[in-house]
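The next block holds one structure in the form of structure tokens; read it before the comments.
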Amino acid sequence: MATRQATKTTFEVSNVIQPIFTGGSVALENGARILASTLGEAAILTELSTGRRLAEIEGDGEPISTLTITPSASHLIVCSRSLTMRIYSLKASPDFDSVEPTLVRTSKPHATPVVVLAVDKTSTLFATGAADGAIKIWDIVGGYVTHTVSGPSVLVSALHFFEIAATAENPASERKPRRGSRKGQDDLSQEDVVSKFRLAWGTQDGKMRIFDLHKRTTVPVYTDAKRRKEAHESNIQSIDYSPDQHALLSGSRDKTMTLWLWRDNAWHGTTMLRHELVESVGFLNEGKWMYSAGSSGLFRIWDTTTHHEITAKQEAKSEAESILSAVSLTQKSVVLCAQSDFTLAMYRIPSAAEIASNGTLLMEPFRRISGTHDEILDLAYVLPDQSVMALATNSEDIRLVSVVDTETLADGEETGAYFGRDVALLRGHEDIVMSLDVDWSGHWVASGAKDNTARLWRIDPANNSYTCYAVFTGHLESVGAVALPKVAPPEDSEAFKCPLDHPPAFLVSGSQDRFVQKRDIPRQSQKDKVSSSLKRLAHDKDINALDVSPTGRLFASASQDKTVKIWDVERLEVQGILKGHKRGVWTVRFAPLHTPTIQGEQGSVSGKGVILTGSGDKTIKLWNLSDYTCLRTFEGHSHNVLKIVWLHIPTDEAATKKRIQFASAGADSLVKVWDANLGEAECTLDNHEDRLWTLAVHPKTNALVSGGSDSKVTFWKDTTAETQAAASNAALKLVEQEQELENYMHAGAYRDAIVLALQLNHPGRLLSIFTSVVTTNTPEEGSLTGVKAVDTVLAKLSDEQIFLLLLRLRDWNTNARTAPVAQRILWTLVRSYPAGKFSTLSVKGARGQKSLTEVLNALRVYTERHYKRMEELVDESYLVEYTLQEMDTLAPPALEGVEQDGDAASEALEDLSGIDSPASKRSRFDDYNKSLTPVSANENGDEQGKLGHENGAAIAEEGEADDFSEEDEVEEKAPIRQSAPTAGYDDLYLDTIHRNVLDFDFEKLCSVTLSNINVYACLICGKYFQGRGPKSHAYFHALEEDHHVFINMGTQKVYVLPEGYEVKSKSLDDIKYVSDPRYTRQEVAEFDRKQRTSWTLAGKEYTPGFVGMNNIKENDYLNVIVQALSHVAPLRNYFLLEDFSSAPELVKRTSILFRKIWNPRAFKSHVSPHELLQEISLRSNKRFTLTAQSDPVEFLSWFLNHLHLGLGGSRTKPGSSMVQRIVQGKLKVETQSITARAGGGGSGGGGDGGLDRVRFEEATTAQVDTARFLLLTLDLPPAPLFQDEQERNIIPQVGLTTLLSKYNGVTSQELNAQRKRYRLTHPLPPFLLLHIKRFSHNKFVSERNPTIVTFDPRSLDMSPYVEPADPALHHPPPGGPIWYDLVANVVHEAVRAKEDVADSAVGEERKTWKVQLRDKATDEWVVAQDLFVDKIRSELLYLGESYLQVWERRRGPPPPTMMTGLVVGKGKRRG
């Protein structure tokens, strides 16, 4: 008996409205059934009559530049921006529900992208036109080039094949052949036929040419042949030919179209002005009419003879409706136009009789196809039968789409409704529509948009009337939510019978201005009157959603301020507030009427008194409206919950048994169905690729509709009942089959049992069947398995059954216990089928073929393993036999009788039935040893007994272990550790050292444990490992990779592993020096005196101290600071000569980096600051990292302060470290307060003279303070806002001395009601750091000042900015100029992140930094940016955007004590 299946809620995708066109080319075949369109990188084939997607052809990663389909629908040609052209053959299914595209050929037709394609009417030739002006004609079937058309290097914009009409033969072909010519009359006629094929093409510069395919010549056409006037002045977008009129027609973006007629053996053109950018032209009605379409969005028909317009005059449409291309099918009287908003509009060509009867004709599309709905913001079912859906897309129009299946139609015409067809557009809003709502009848639709209005629409499809009934204003910002009451009137009322004449009672709207507004909707007779309204300030932030209760007495508003408010409709007063969400609330929904009781976490509550809310905190909450408390919280979405709807609950008695469910849609692109009582998700629906904005439910069928940012509308069918029925039937059938299998096994019907076990996928029962067959005591003669019936079954299996059986055999074959059965069945299969059967099994899909290969390989591998194990057992059996024979020879002769008696006794016992067999040979031999011990007392006997006992134990262990191996008995010994190399092998392994891969700039961390303790570097691969003991990672690396030479990064000692001895060789000194360079005082003193040149391992020349620094990601801000500080001579010398082994890690790593920058024996011409960066990132709490750009000045300030503290400096005592002694100076700040006072304006009693005016007064005294500085900030003047007289934005320039006037003690700055003056004081520091402030940041934007600062790198006089010295304090008193010379200049460089953006204000800029350094030894300048170091002239230094400058004070012959103090860093200098 089958058990009852648990009910499982399921939904399946029933229909999907998805985009088919996003701009580009469109094409139709002659039957007007298959539409080929471009969808980004993919090509889409759609059935035009039903809207069904027939095929989707994936792209090659680049957008499609153009495509076309042959008139016979035999081939599709696709060209993309990747310069590839793909040709597909198309094969339609018999019922035409799909088209199978097969890639026939891929080629690269041109050196530039193909921009236009054309196919001849026979579907045998096609032409390609490229952006470089090249044209090729191809054979479609053969795929080869038949003609190459040469022309100017101008983009080809139009192509068209045509065949000259029979009435317009070239008169030249009628000439008689010359006497003696070999051509006969037949040849001439054949030439006439071939020579009629032409290719017309137009270019971007307005030229039009005609190519003769037979003569392979190009003929230019001119509107004025004498003056060689070209046809057009801009892009020729379209060309068409009329065989009836023997005329050509061309349209151009110069707002003209030209009619070309053949006269006097030449084409003569007549230009017609069309007052719009013409995108497409063509002939209609056997060439008697012409049509044009373009930027005005109008489809216009013209008379070919009179050139007058036949269609009625119309106003130009909006820019979104402008026509970009058109495809004409005259045999179907249809023209398809592609619009700018990706809409495909179809126009029906009128007949001559219709135009004659109507006089003029108004051309409007009889059908619209939305290529894409873009981002779907809201949707709702419309009409009482829910046959239409309203979509609020990312536009100002509301689209009405049919959701009726094609199969339900009776007419079957192409113009009939089909699923997804556009029914109408509701036009009226001036900006994007954001929300929709529908009343109870489905005839009234409310909408809110970004134009600050709400509208009510009347939907009457019977009369094809879709009008705006009322417009509601009053909001100051976008209307993001609207709601209508859904209370149905009594069935006998007039409002119920005629809902079109009775609009809803009111409309509620909510806006970003935080107000809710209730507007009474006027009746038909009162439309002209102003409706009454109520308006309240509802929330603190934007209102996201509204919902009216089923009774129409309450409504709820959800806001971004995390709250939901319940309002009374009549008085618009707050009844309650729902608080609990942690983020903004996006959706709210009242429970429908007749909702059963819901079980909450605090108890049960009436269903009609609850409300659901969804929030940006990824949760859904169920609230009780009686006390406004949260009943339950639903969690499951991984992103914002944007929409919730209640599923339909039956109103009959089954409602009590029906589960109460609702659905939610979120920004995680998922739809979830929830059980309100259980608080769990019943199922998750996934068919979207982007966030879901909206969700709707069918009120009768419970079908869900979801839409979002991926332009898809998915219709989900509720298949819960079908799934439950199918599960019950499957369970019942499974029980019946299992019982049937038991019956077959009990009856011994192996044939049926095996087939059924394979079908049910019961490997256990299948194994028991095969085991009983293979191990049967009475095998049938001639049977492979033991039972001939089983042999017959195995020989007649289908491919699918063979594959399933091989899967089972693979699993059984891996187990030694079941392997014999698996091998027997496998042997039977191999004997029953040909050798190639198993490699050619028909398994579905490529994945199945891969699985088949894996199964066969697994069977082969384990079979070989089993055979090898059997062979080893046979070999071991010989060893056991030999061992037993040898043991028998060890027995003493005196005991031979005892052994014989034992053997005889054992033989007698074995003959007895029902009695256990005697003990094993080992136990018997042990007994023999025991009896032998007291008899033999000599030493030899003891040794023999002991030996025999050990051999017996070994033999027993051999018998018990299947995989015994003699190697397991040998104990592994650890290698011997050596304290010194073997004599004569001092340089062993040193030739394996690879110096090119050694890079000691990175942090010394073990590559396995990430520890920095006792780290060794492998000199072969450059990796770091911890330790060198027998259990260390370096030891294992030496054994596994055969890398033997390691260096200790702390002690610089080199060891050979795994031997463990130290290598003392002079050839390793260069590696030790690169790892930790050391300098003498003599070497440091010569850095700035002698020119030095060094070479890397690769032979590249470089100058020590002027090397590149690796910009790992975004750390160039640090590189320029380190480069600049490394050229501050006292600081550099201090870090190069002092021992910082016990200093903080920051100081230690700075010293190492400085020493590597000045290394004259480096392996590479650059260094990496990675080790210092890691320490800086750690100490700054990741304020300065290698992955994010930072300000160099901010980093410099932080770096100098932390170096000061790391070098033992004091926070309060100035000059307590080398850093402060070098760059710290003093500054006098004079502060004067400014106060505002009110004063009398005059003595008059009237007029303005009696008004009080504000007077600003300065304080009579000024406060003077002294401050210390590490760097001086210079303020740039603001950049000009307007262009100069030559209408160009020139970059301003300012001198450095002008900026330094800030510190002359006279120039004042006003800040925070204070006036400040600055003046430098004696003594000035040896080095000055000047910061030129270029960037200003505020809450909204960051601005850069591009002003260029001009300066002379030599002789900057700082005396005008220094307070006059007191002679009593300074000896001698400074009276002359104070000269400073530039050492380093940090330059900012803005790099455009988006190269295709012309406007610098629009394009995003990325900051990069470089530094200009002076080589004192040669008095030359170099510029260093990342890894690149180049020379630069000193006259060009100021051209960059200087940001930070380092100036050194010039001195005469300095006292020896001063130089000693600066170089060594000991002692203090006095001013």
Side-chain angles (χ1 to χ4, degrees), residues 9-21 35 37 39 42 44-56 93 95-99 344 367-376 378-383 385-393 399-410 412 414-424 436 438 442 461 643 645 647-648 663 665 669-671 673 683-690 692-723:
T9 303
T10 58
F11 283 81
E12 294 180 357
V13 177
S14 60
N15 278 299
V16 179
I17 300 176
Q18 49 191 338
I20 62 171
F21 176 63
L35 168 67
S37 57
L39 183 64
I44 305 297
L45 299 181
T46 309
E47 186 179 1
L48 195 61
S49 60
T50 63
R52 183 189 299 113
R53 177 174 289 192
L54 300 176
E56 179 177 356
S93 60
D95 53 356
F96 209 77
D97 60 348
S98 65
V99 172
L344 302 178
R367 179 176 162 196
R368 296 178 183 270
I369 303 173
S370 294
T372 177
H373 292 298
D374 205 355
E375 193 167 4
I376 299 170
D378 205 354
L379 53 81
Y381 278 106
V382 179
L383 301 183
D385 58 354
Q386 289 81 37
S387 60
V388 175
M389 176 155 287
L391 300 178
T393 63
R399 300 182 181 180
L400 299 183
V401 179
S402 172
V403 291
V404 179
D405 291 332
T406 310
E407 289 77 8
T408 61
L409 299 176
E414 294 183 1
T415 58
Y418 63 88
F419 199 95
R421 181 200 172 196
D422 287 23
V423 175
L436 298 173
V438 183
K643 199 75 170 183
V645 292
L647 296 189
H648 174 62
S669 73
L670 300 177
V671 177
V673 180
C683 61
T684 301
L685 314 180
D686 185 8
N687 192 46
H688 291 272
E689 300 171 356
D690 207 340
L692 296 180
W693 284 111
T694 181
L695 189 67
V697 62
H698 196 285
K700 299 175 183 176
T701 63
N702 248 2
L704 291 173
V705 187
S706 56
S709 299
D710 59 355
S711 305
K712 289 199 298 188
V713 181
T714 304
F715 293 78
W716 306 89
K717 180 183 178 182
D718 188 358
T719 58
T720 303
E722 292 86 343
T723 304

Salt bridge (Lys or Arg N to Asp or Glu O under 4.0 Å) against E375, all qualifying residues, sequence neighbours excluded
none

Mind listing the closest non-hydrogen atom pair of S669 and D686 along with its distance?
O-OD1, 4.0 Å

At their closest point, which heavy atom of A390 faces which heavy atom of L436, and how far apart are they?
O-CD1, 3.7 Å

Main-chain N/O of H648 paired with K700 side-chain donor or acceptor, under 3.5 Å
no

4.5 Å side-chain heavy-atom contact, I44 and F21
no

Contact between I376 and T694 at the side-chain level, heavy atoms closer than 4.5 Å - yes or no?
yes

Can you confirm whether the side chains of D374 and T393 place a donor and an acceptor under 3.5 Å from each other?
no

Measuring only between side-chain heavy atoms, which start at C-beta, is H373 closer than 4.5 Å to I17?
yes

Pair E12 + K717, salt bridge at N-O below 4.0 Å:
no

Donor-acceptor pair between D95 and S93 side chains, under 3.5 angstrom:
yes

Side-chain contact, heavy-atom cut-off 4.5 Å: I20 with I369?
yes

The side chain to side chain donor-acceptor pair (under 3.5 Å) partners of H688 (sequence neighbours excluded) come to S706, D710, T714

Return yes if a side-chain donor-acceptor contact under 3.5 Å exists between S709 and W693, otherwise no.
yes

Which residues pass the side-chain contact (heavy atoms from CB on, under 4.5 Å) test with V438, sequence neighbours left out?
A380, V382, V445

For T10, the side chain to side chain donor-acceptor pair (under 3.5 Å) test, sequence neighbours excluded, returns T719, T723

Main chain of F419, side chain of S402: is a donor-acceptor contact present, judged purely on distance under 3.5 Å?
no

Return the set of residues passing side chain to side chain donor-acceptor pair (under 3.5 Å) with E722 (not counting sequence neighbours), or none when no residue passes.
none

Partners meeting side chain to side chain donor-acceptor pair (under 3.5 Å) with S370 (sequence neighbours left out)
R399, D422

